[in-house]
Amino acid sequence: VQLQASGGGLVQPGGFLRLSCAASGSIFSINTMAWYRQAPGKERELVGTIKTGGTANYADSVKGRFTLSRDNANNILYLQMNSLKPEDTAVYYCNVIGSNGYRGRYSFNLWGRGTLVTVSS
């Protein structure tokens, strides 16, 4: 199973970006999908998680500005980021927990390579 993240870039404060993370390969099911981020000189932190049914939870720092969604049919995770602030500058990583193999007998917990988001004027 592989994860491919995309959508990062340079945006001005107040702007928006949409990140995507596509999971491909042998997949039986995907449970939790999540975005994390790591700013320069800081530890990786959770941005938000989303369950199969669509229930999402967010870090306080992004509530009301960021929205997670997922396409379960195509195993794609999205992060819509609005009203971006300079402090949102970070490398964003997707994380996927799921299973593969016969009847999903094997579990996996995978990380994407990360995509850089820079918020600056």
Does some side-chain heavy atom of [Y] sit less than 4.5 Å from a side-chain heavy atom of [X]?
X     : Y      : answer
Ile97 : Phe108 : no
Arg37 : Glu45  : yes
Trp35 : Leu77  : yes
Ile27 : Asn75  : yes

Honestly, is Arg18 close enough over Tyr78, meaning NZ or CZ under 6.0 Å from the six-membered ring centre and within 45° of the axis?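 The answer is yes, since Arg18 meets both limits relative to Tyr78.
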
As an exercise, state the distance from [atom1] of [X] to [atom2] of [Y], rounded to the nearest 0.5 Å.
X      : Y     : atom1 : atom2 : answer
Thr118 : Leu10 : OG1   : CG    : 6.0 Å
Ile50  : Asn31 : CD1   : CG    : 11.5 Å
Gln80  : Ser20 : CD    : OG    : 9.5 Å
Asn74  : Ser24 : CG    : OG    : 11.5 Å
Leu116 : Thr89 : CG    : OG1   : 8.0 Å

So which heavy atom on [X] is nearest to which on [Y], and how close?
X      : Y     : result
Gly112 : Leu3  : N-CD1, 3.5 Å
Ser26  : Val1  : O-CG2, 3.1 Å
Ser120 : Pro13 : C-CD, 3.6 Å
Tyr92  : Leu79 : CD2-CD2, 4.0 Å
Leu17  : Gly7  : CD2-O, 3.8 Å
Thr115 : Gly8  : OG1-N, 3.1 Å

Is there a chain of hydrophobic side chains (I, L, V, M, F, W, Y, each step under 4.5 Å between heavy atoms) that links Val47 to Tyr58?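 Yes, one cluster joins them.
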
Taking Val91 as the starting point, is it possible to reach Leu19 by hopping between hydrophobic residues whose side chains are less than 4.5 Å apart?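 Unlinked, Leu19 and Val91 end up in two clusters.
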
With a 3.5 Å distance limit and no angle check, can you tell me whether Arg70 reaches the backbone of Lys51 through a side-chain donor-acceptor pair?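 Yes.
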
Carboxylate-amine/guanidinium contact Asp88 Lys85, below 4.0 Å: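 Here Asp88 does not pair with Lys85 in a salt bridge, since their nearest N and O are not under 4.0 Å apart.
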
Picking from Leu68, Thr52, Ile76, Val96, what satisfies side chain to side chain contact (heavy atoms under 4.5 Å, CB included) with Met33?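 By the side chain to side chain contact (heavy atoms under 4.5 Å, CB included) criterion, Met33 pairs with just one of Leu68, Thr52, Ile76, Val96: Val96.
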
Taking only residues two or more places apart in sequence, or in another chain, which ones meet Tyr93 in a ring pair (Phe, Tyr, Trp, His ring centres under 6.0 Å)?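 With sequence neighbours excluded, Tyr93 shows a ring pair (Phe, Tyr, Trp, His ring centres under 6.0 Å) to no residue whatsoever.
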
More than 12 foreign heavy atoms under 6.0 Å from CD of Gln38: is that the case here?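 Counting other residues, nucleotides and ligands, CD of Gln38 exceeds 12 neighbours.
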
Counting heavy atoms not belonging to Glu87, are there more than 12 under 6.0 Å from its CD?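 Yes - once you tally the heavy atoms of other residues, nucleotides and ligands closer than 6.0 Å, there are more than 12.
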
With distance as the sole criterion, is a donor-acceptor pair present between the side chains of Tyr36 and Arg44 under 3.5 Å?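 No pair is found: no donor N or O on one side chain lies under 3.5 Å from an acceptor on the other.
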
Could you check whether Ser29 and Ser99, counting side-chain N and O atoms only, form a donor-acceptor pair closer than 3.5 Å?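 Per modelled atom types, Ser99 and Ser29 side chains form a pair under 3.5 Å.
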
